[in-house]
Amino acid sequence: MLGSAERPLRVAVVGSGPSGFYATEALLKSGRTVQIDMYERLPVPYGLVRSGVAPDHPKLKQAILVYDKIARSPAFRLIGNVTIGRDLTVEELRGAYHAVMFTCGAEADRRLGIPGEDLPGSHTATEFVGWYNGHPDYRDLSFDLSQEVAVIIGQGNVAADVCRILAKTVDELKHTDIAEHALEALSRSRIREIHVIGRRGPAQAKFTNKELRELGELADAAAVIDPADLVLNPESEAELADKNNDVSAKNVEIFRGFAVPSGSTKRRRVHFHFFKSPVELRGRERLASIVLEKNRLEGPPFNQSARGTGEKMELQCGLLFRSIGYKGRPIPGLVFDERKGILPNDNGRLRDGNGVIPGLYCAGWIKRGPTGIIGTNRADSVATVNSLLADLEQLDDTGDKQGADALYPLLEKRGVKYIGFQDWLKIDAAEINRGRPKGKPREKFTRIAEMLEALQS
Ligand code: NAP
């Protein structure tokens, strides 16, 4: 039977972030005999834990210790520097495995859909986060930090990360694993005012308490709020009174602390704005200002949406980050739900117009959308693995499923320089060595060529 010692279940996992590792862990613990090959498009694993989690949040990166342990299982192989849909097709994977699971996250951004959105000076949070975290895709971007006023659209934890990195001093960042090029550019930053814009109210902000509190504890930046923005409507008061909504109640308490004038002499200020939607970005050749429309909330508690009042204001700004949520990217050979930015699925089983596609699965943000913290992905991946195990008898077991052994020759023929987990450990050690003299946990390689070169030395 499939999943026995005689006939191991061969699974390809596509994407080496949290959901991929939690799915691997669940498969390894399933009691079946499994062989898992994890494909990753970069030569370095761990997805958003490496290139999304902010450098000044090292505790969150400790999830890597768990993933490292999982990766050392003899039933696991990492195949890095291989892009599925380019270097190998989905059909080729299906031929070599009993099941293929996509855990490739949500790498693109939602759009505001307003005039001027793409003016120079207006960026996605993804670009900035990838840049300061040394992701090769964003390595060569530049951000005009000679500006004095920056705007961040959105009030979730990614906005909080972007805000902290803009607001912190070099001393607060220099012993983190922030990419060298970013630290250097930030050391020359002239940003003084950072405006964090929410379309709804303080009770609906998506920050978690710790992340919000941190914005009031920065060495050289003071948090500021107009007390008038903290007057809540009865529906918002009802939301805060709900005992399952502790996070929002605490957030509002923290905001109230920011609304007290502190006579701060700090160099930078972080202004929180509420009930305002961006309607236009203006500027001739580059961003010069943003037009915001005042909103009122409409709808019952927990379902209040922002409605424009027609009242507008213009705020001068030279740099802007859109931090309004991520969406997945389509994968050649698979149906994609453009509106939701996910792979259409039933409990992790991929489906197309004709129903479930046997042997194809997904987990994490590409399955449910970009919500939750790192740990949220564990239960989500376990659920998909349970779907897969329930399907075991229906999986295609024809032919000789050899996993990566059948695909390595194809990759070689196509000139793809794939790497394994031992190779990653060499890159890892080299990065740690590079960081040591600077008192940093690591100095990341930020180009794919550099990562591969590190393997030669
Ligand atoms: P998020 O939490 O969904 O926040 C998105 C923000 O953008 C919300 O304030 C949302 O407002 C706003 N927004 C959406 N569309 C908008 C529009 N058209 N105009 C104006 N504002 C708009 O997303 P995220 O910050 O990208 O975070 C993604 C996930 O990663 C979250 O679950 C987050 O907690 C997690 N994360 C966690 C950490 C951490 O634990 N430290 C760090 C980073 C990210 P509405 O509420 O009105 O929609």
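First listed ligand is number 1; within each ligand, the first listed atom is number 1.
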Of all heavy-atom pairs linking Arg349 and Ser387, the shortest is NH2-O, 3.3 Å

For Asp161, the salt bridge (charged side-chain N to carboxylate O under 4.0 Å, His left out) test, sequence neighbours excluded, returns Arg164

If the plane angle is over 60° it's perpendicular, under 30° parallel, otherwise tilted; pick one for Phe255 and Phe272.
perpendicular

request  = Look at the rings of His271 and His273 and say which category their plane angle falls in: under 30° parallel, 30 to 60° tilted, over 60° perpendicular.
outcome  = tilted

Aromatic ring pairing Tyr67/Tyr46, orientation class (parallel under 30°, perpendicular over 60°, tilted between): tilted

Counting only non-hydrogen atoms and a 4.0 Å cut-off, the residues near ligand 1 are Leu60, Leu112, Ile153, Gly154, Gln155, Gly156, Asn157, Val158, Asp161, Arg199, Arg200, Lys206, Glu211, Ser323, Ile324, Gly325, Trp365, Pro370, Thr371, Gly372, Ile373

**Request:** In sequence, state the C-alpha distance, the side-chain angles, and the governing distance for Asn251 and Val247, and then conclude on side chain to side chain contact (heavy atoms under 4.5 Å, CB included).
**Result:** CA-CA 6 Å; Asn251 272 352; Val247 174; 4.3 Å; yes

